[in-house]
Amino acid sequence: MKPLKIIFAGTPDYAATVLQALLRDTDFLVQAVITQPDMPAGRGLEVRESAVKKLAKQVGLTIWQPQKVSQIIDQIRELEPDFLVVAAFAQLVPESILKIPALGPINVHGSLLPRYRGAGVIQAPILNGDSQTGITIMLMDKGLDTGPILAQQAIAIAPDETGESLYDKLADAGARLLSPTLKALAQGQIKPQAQDNTKANYVGLVKKEDGLIDWTKPASDIERLVRAMYSWPGAWTWLKGKQIKITAVDPIVLPLNVHQPGKTFIYNNQLAIQCGTDALVIQRLKMEGKGEISGKEFINGHRQQIGQILGQ
RNA sequence: CGCGGGGUAGAGCAGUUGGCAGCUCGCCAGGCCCAUAACCUGGAGGUCGUCGGUUCGAAUCCGACCCCCGCAA
């Protein structure tokens, strides 16, 4: 069959993984890639290219980096694409553009819609203690993640799942599910299913502030926060005016409630912290300007800090 | 030139009025013990990131460079 013409829009690694899958399949012809403009980022504020741009450059694709995607509506129309595939693009795509692709504008979304519409969809299911999440391939409409569903695949959330590990799993699953879905849709084998709006909920973009630990909360909540926020922004707290990231805790909480919430103490030769309900054993942490260390290493080098109250 | 923290023993850290380099853990040997990750005794292990400067003398003061990390994006 004739290759399906695709314009791809996306920005981070997650999107690059999905794009990679399209490039490998000869049934698809990626005509152009739309990604966020290069921005100063990182230490020293060097200008960085998005993961999608790097990949597109490697294979010599046409790259568009509009401030607003509406600025390139004419170029998009000219290519007469069959599909517009959007994955973590970070810009709202206006309806005028959604109408261009012949077979439809497609979104690869990292949750089982209608659950978790919006941005921070990776972290939310871990925070809530869900047993699974997944990938949804859908047709886009003018709403935010409200379009009809084409295909879904569930992914189990492991007990030790982190935001980072789940991010990778979702990217892989999205990449694998996309190709067959596009082909099936092109051949008229899929009937789009409208979402049940009564079951929908929205989550917002994860901010640094979302990782701040409230030690008066139950240990189990904080344990999930640590996993969900890893590795960015990380679950963090204060120690004597300096930030500390808690990068890993023991999933088994200690049924101890004898200290003030936030107080560090030694339990069984391990670093532990009292929470609002129960306590947590800290496995790994990172202090400002320092590398990541284990709880045991913290005890060795910061013995005098044991007994401090965190979060102040 | 965005802001800031850091590179000292295998690991984590302390150590600036410049003067024989320390702590906790680990490691090795021996001891105690029914036994031990517990305890006791002894021991090995460091060109103090690199290069250069000041000095009788530099981990410490000055200059350049390399590497790591946080913020911010």
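A note on names: the letters A, B, ... follow the listed sequences, proteins ahead of strands, and every chain is numbered from 1. As the structure is a prediction and not an experimental result, all values here were calculated from the model.
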Quiz item: Expressed as a whole number of Å, how far does the C1' atom of B/C56 sit from that of B/A72?
Solution: 48 Å
Quiz prompt | Residue-level proximity of residues 231-239 of chain A to RNA chain B when a heavy atom falls under 4.0 Å | solution = none
Quiz item: Taking OP1 and OP2 of B/A72, is either one under 4.0 Å from a side-chain nitrogen or oxygen of A/K207?
Solution: no
Quiz item: When you look at CD of A/Q71, are more than 12 heavy atoms from neighbouring residues, nucleotides or ligands closer to it than 6.0 Å?
Solution: yes
Quiz item: What integer number of Å spans the P atoms of B/U24 and B/G30?
Solution: 23 Å
Quiz item: Rounded to the Å, how far apart are A/L285 CG and B/C13 C1'?
Solution: 13 Å
Exercise. Answer yes or no: is there a donor N or O on one side and an acceptor on the other, between the side chain of A/S165 and the main chain of A/E161, under 3.5 Å?
Key: no
Quiz item: Pick from A/D145, A/T136, A/N197, A/N201: which one makes a side chain to side chain donor-acceptor pair (under 3.5 Å) with A/R117?
Solution: A/N197
Self-check item: A/F89 to A/G10 - nearest heavy-atom pair and separation
Solution: CD1-N, 3.6 Å
Quiz item: Any chance CD of A/Q189 has more than 12 other-residue heavy atoms, nucleotides or ligands included, within less than 6.0 Å?
Solution: yes
Quiz item: For A/K296 and B/A37, what is the distance between atoms NZ and C1' respectively, to the nearest whole Å?
Solution: 8 Å
Quiz item: Taking atom NZ of A/K208 as the centre, does the number of heavy atoms from other residues, nucleotides or ligands within less than 6.0 Å exceed 12?
Solution: yes
Practice problem: Using the C1' atom on both, measure B/U50 against B/G31 and round to a whole Å. | Solution: 45 Å
Practice problem: Could you give the distance separating B/U17 and B/U60 at their C1' atoms, to the nearest angstrom? | Solution: 11 Å
Quiz item: Going by heavy atoms closer than 4.0 Å, what residues in residues 38-48 of chain A are next to RNA chain B?
Solution: A/P40, A/A41, A/G42, A/R43, A/G44, A/L45
Quiz item: Expressed in whole Å, how much space separates the P atoms belonging to B/C48 and B/C39?
Solution: 33 Å
Quiz prompt | Closest-nucleotide ordering on RNA chain B, the 5'-leading residue of A/K290 and A/N269 | solution = A/N269
Quiz item: What integer number of Å spans the P atoms of B/C66 and B/G26?
Solution: 39 Å
Quiz item: Got a sec, which residues hit side chain to side chain contact (heavy atoms under 4.5 Å, CB included) with A/Q75, two or more places apart in sequence or on another chain?
Solution: A/W64, A/I72
Practice problem: Provide, to the nearest angstrom, the distance between the CZ atom belonging to A/R303 and the C1' atom belonging to B/G12. | Solution: 11 Å
Quiz item: Looking across every strand, which nucleic acid part, if any, lies under 4.0 Å from A/K286 by heavy atom: base, sugar-phosphate, or nothing?
Solution: sugar-phosphate
Exercise. Please figure out whether A/E297 or A/G289 has its closest RNA chain B nucleotide nearer the 5' end.
Key: A/G289
Quiz item: Considering only side-chain heavy atoms of A/K245, which listed nucleotide, B/G70, B/C13, B/U24, is closest?
Solution: B/G70
Quiz item: A/E292 has an atom CD; how far is it from atom C1' of B/A11, in whole Å?
Solution: 14 Å
Self-check item: Mutual orientation of the aromatic rings belonging to A/H302 and A/F298 [parallel < 30°, tilted 30-60°, perpendicular > 60°]
Solution: parallel
Practice problem: For A/K5 and A/Q31, indicate whether the former's side chain and the latter's backbone hold a donor-acceptor pair under 3.5 Å. | Solution: no
Quiz item: Between B/C71 and A/K208, is there an OP1 or OP2 to side-chain N/O distance shorter than 4.0 Å?
Solution: yes
Self-check item: B/A58 to B/U41 separation - C1' atoms, rounded to the nearest Å
Solution: 37 Å
Quiz item: Rounding to the closest angstrom, what is the interatomic distance between B/A11 and B/U16 at atom P?
Solution: 23 Å
Practice problem: Could you walk me through whether A/Q260 and A/Q274 pass the side-chain hydrogen bond (donor to acceptor under 3.5 Å, both in side chains) test, one step at a time? | Solution: CA-CA 7 Å; A/Q260 178 180 344; A/Q274 180 69 59; over 6 Å; no
